[in-house]
Protein chains: 2
Amino acid sequence: MSRVECHDGDMSLRHAVLGMLEDEPGSGYDLLKRFEQAMSNVWPATQSQLYGELGKLESAGMIHVHAEGPRGRKEYEITDAGRAELQHWLIEVPPTAAPRNDNLLRVYFLGAVAPGQARGYIATMGETAQAREKRLEELEASIDWGDDNASVYGRLVLEWGKRYSAMYREWADWAVTQIK
Amino acid sequence: MSRVECHDGDMSLRHAVLGMLEDEPGSGYDLLKRFEQAMSNVWPATQSQLYGELGKLESAGMIHVHAEGPRGRKEYEITDAGRAELQHWLIEVPPTAAPRNDNLLRVYFLGAVAPGQARGYIATMGETAQAREKRLEELEASIDWGDDNASVYGRLVLEWGKRYSAMYREWADWAVTQIK
DNA sequence: TATGACATGTAACTAGTTACATGATTCA
DNA sequence: TGAATCATGTAACTAGTTACATGTCATA
């Protein structure tokens, strides 16, 4: 029996790139900066990965070079095929259930160290969460929110981050009281 | 200049295995079942990965074959070197800041589909979270909790999962009202 | 003219997934 | 004796990271 094709994978970087280009065309260099700014908390990507993915997306006909600029700059634009793939992924591909979490993995094994160290570790988790919460609040205040899609959906993601951080901090405060 | 050694990586699977063997010795087959049951929400691992990691850990002297059984069964036990590595990781290795989240990545790009579909997607996220919350509550009720480390720290992780799911559900309820 | 920002790409590696492959033991 | 479970392992792949490598353009 020959090899059966049965690969779909997540390939979410692919969709992150399509989503950014759907919003606005840009070069690899542009996308890299957009990833660093807007995406780093949700889907970090490295320069090397981005350029590789742009090449693959172009070969697959999901994006195309729309304009060229100085220094070999290639500005990509999403194609109809790319837009279709993005929408398919958004609506039809089942999201990941629960991602790996090495913070929680550590909590599982905290019995391997002294109770004081365990409390210290959890307290640090709480402080980290509090710092993130503060940073997100400052970010929210610094942005001029509008009625456009980027504002509406960007705010939903930001709000999720704030609630996540608050939940984390409250959990940590409670958890340290549970370790005798 | 020659290649500089600068790799540490996360290698959390390694530490998950050490943590499980610290709790109790076992074979690859045992660990696979323990990963499926207790760990699948925090750090899933495949059979192939587990056997590979056990081989590497044995070569590194962090675990050793403690007993052999029928069908080639090899029961591993953690060594002092393994215990030291586990404690080092627990306390000294900085945890990951924020993991990738493809659910939120989708939210970012929901402007690419119709508002009704966007609301539908977020509503489904909320229902999924609610189902997980319920499942965790049932799990909590079904376990006979004691005062041992596994109970104390296992309960902290479970409580985190419950709070996470509740936060998610509440966020989704709010988020659908934000999409016009 | 030298520095920094712009701009793209490749090589070598680690981590993780799916599928393949094999064999021993138990028990109905 | 046939099926389920126990038990281990390998091959080929995808995704992601770090480091290396190169070259252009603006401007102080």
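This one's a predicted model, so the numbers in the text were calculated from it and none came from an experiment. Each chain gets a letter, A, B and so on, in the order its sequence line appears, and its residues count up from 1.
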Spell out yes or no: do the side chain of B:Ser48 and the base of C:dT18 have one donor N/O and one acceptor N/O closer than 3.5 Å?
-> yes
Taking N and O atoms by type only, does the side chain of B:Gln47 place a donor or acceptor under 3.5 Å from a partner on the base of D:dT8?
->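 Result: at least one qualifying N/O pair found.
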cation_pi(A:Arg14, A:Trp89) dist<6.0 Å, angle<=45 =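 Not flagged: A:Arg14 not positioned over aromatic ring of A:Trp89.
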Starting at [atom1] of [X] and ending at [atom2] of [N], how long is that distance when rounded to a whole Å?
X: B:Leu54; N: D:dT10; atom1: CG; atom2: P; value: 12 Å
X: B:Tyr29; N: C:dA24; atom1: OH; atom2: C1'; value: 12 Å
X: B:Leu50; N: C:dT17; atom1: CG; atom2: C1'; value: 13 Å
X: A:Asp30; N: C:dT8; atom1: CG; atom2: P; value: 8 Å
X: B:Phe35; N: D:dA7; atom1: CZ; atom2: C1'; value: 17 Å
X: A:Glu36; N: C:dC6; atom1: CD; atom2: P; value: 11 Å
X: B:Lys33; N: D:dC6; atom1: NZ; atom2: P; value: 5 Å
X: A:Arg73; N: C:dC6; atom1: CZ; atom2: C1'; value: 9 Å

Tell me what B:Leu13 touches on the nucleic acid: a base, only sugar-phosphate, or nothing, going by heavy atoms under 4.0 Å.
->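 Sugar-phosphate contact only - B:Leu13 comes under 4.0 Å of backbone atoms but never of a base.
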Sugar-phosphate only, base, or nothing, as touched by A:Arg14 at under 4.0 Å among non-hydrogen atoms |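 Counting heavy atoms under 4.0 Å across all strands, no contact is made by A:Arg14.
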side-chain N/O B:Arg100 vs C:dA15 OP1/OP2, d < 4.0 Å =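 For C:dA15, neither OP1 nor OP2 has a side-chain N or O of B:Arg100 closer than 4.0 Å.
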Short side-chain N/O contact to D:dG9 OP1/OP2 from B:Lys74, under 4.0 Å |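 Yes, because at least one side-chain N or O of B:Lys74 sits under 4.0 Å from OP1 or OP2 of D:dG9.
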With a 4.5 Å limit on heavy-atom distance, are the side chains of B:Trp145 and B:Arg155 in contact?
-> yes
With the side chain counted from C-beta on, respond yes when A:Tyr121 and A:Met125 share a heavy-atom pair under 4.5 Å apart, and no when they do not.
->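 Yes, side chains in contact.
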Looking at CH2 of B:Trp43 and CZ of A:Arg106, how far apart are the two atoms once the value is rounded to the nearest 0.5 Å?
-> 9.0 Å
By nearest-nucleotide position on DNA chain D, the 5'-leaning member of A:Gln49 and B:Gln49 is B:Gln49
Spell out, as yes or no, whether a donor-acceptor pair under 3.5 Å connects the side chain of B:Gln87 to the backbone of A:Ala112.
-> yes
Got a donor-acceptor contact below 3.5 angstrom from the B:Tyr108 side chain to the A:Ala38 backbone?
->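 Yes, because the side chain of B:Tyr108 sits within donor-acceptor range (under 3.5 Å) of the backbone of A:Ala38.
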What does nucleotides 23-28 of chain D look like as a protein-contact string, B for base, S for sugar-phosphate only, - for none, at under 4.0 angstrom between heavy atoms?
-> BBB---
Run the numbers on B:Arg73 and B:Asp30 for side-chain contact (heavy atoms from CB on, under 4.5 Å), then give the verdict.
-> CA-CA 10 Å; B:Arg73 178 187 169 89; B:Asp30 292 339; 2.6 Å; yes
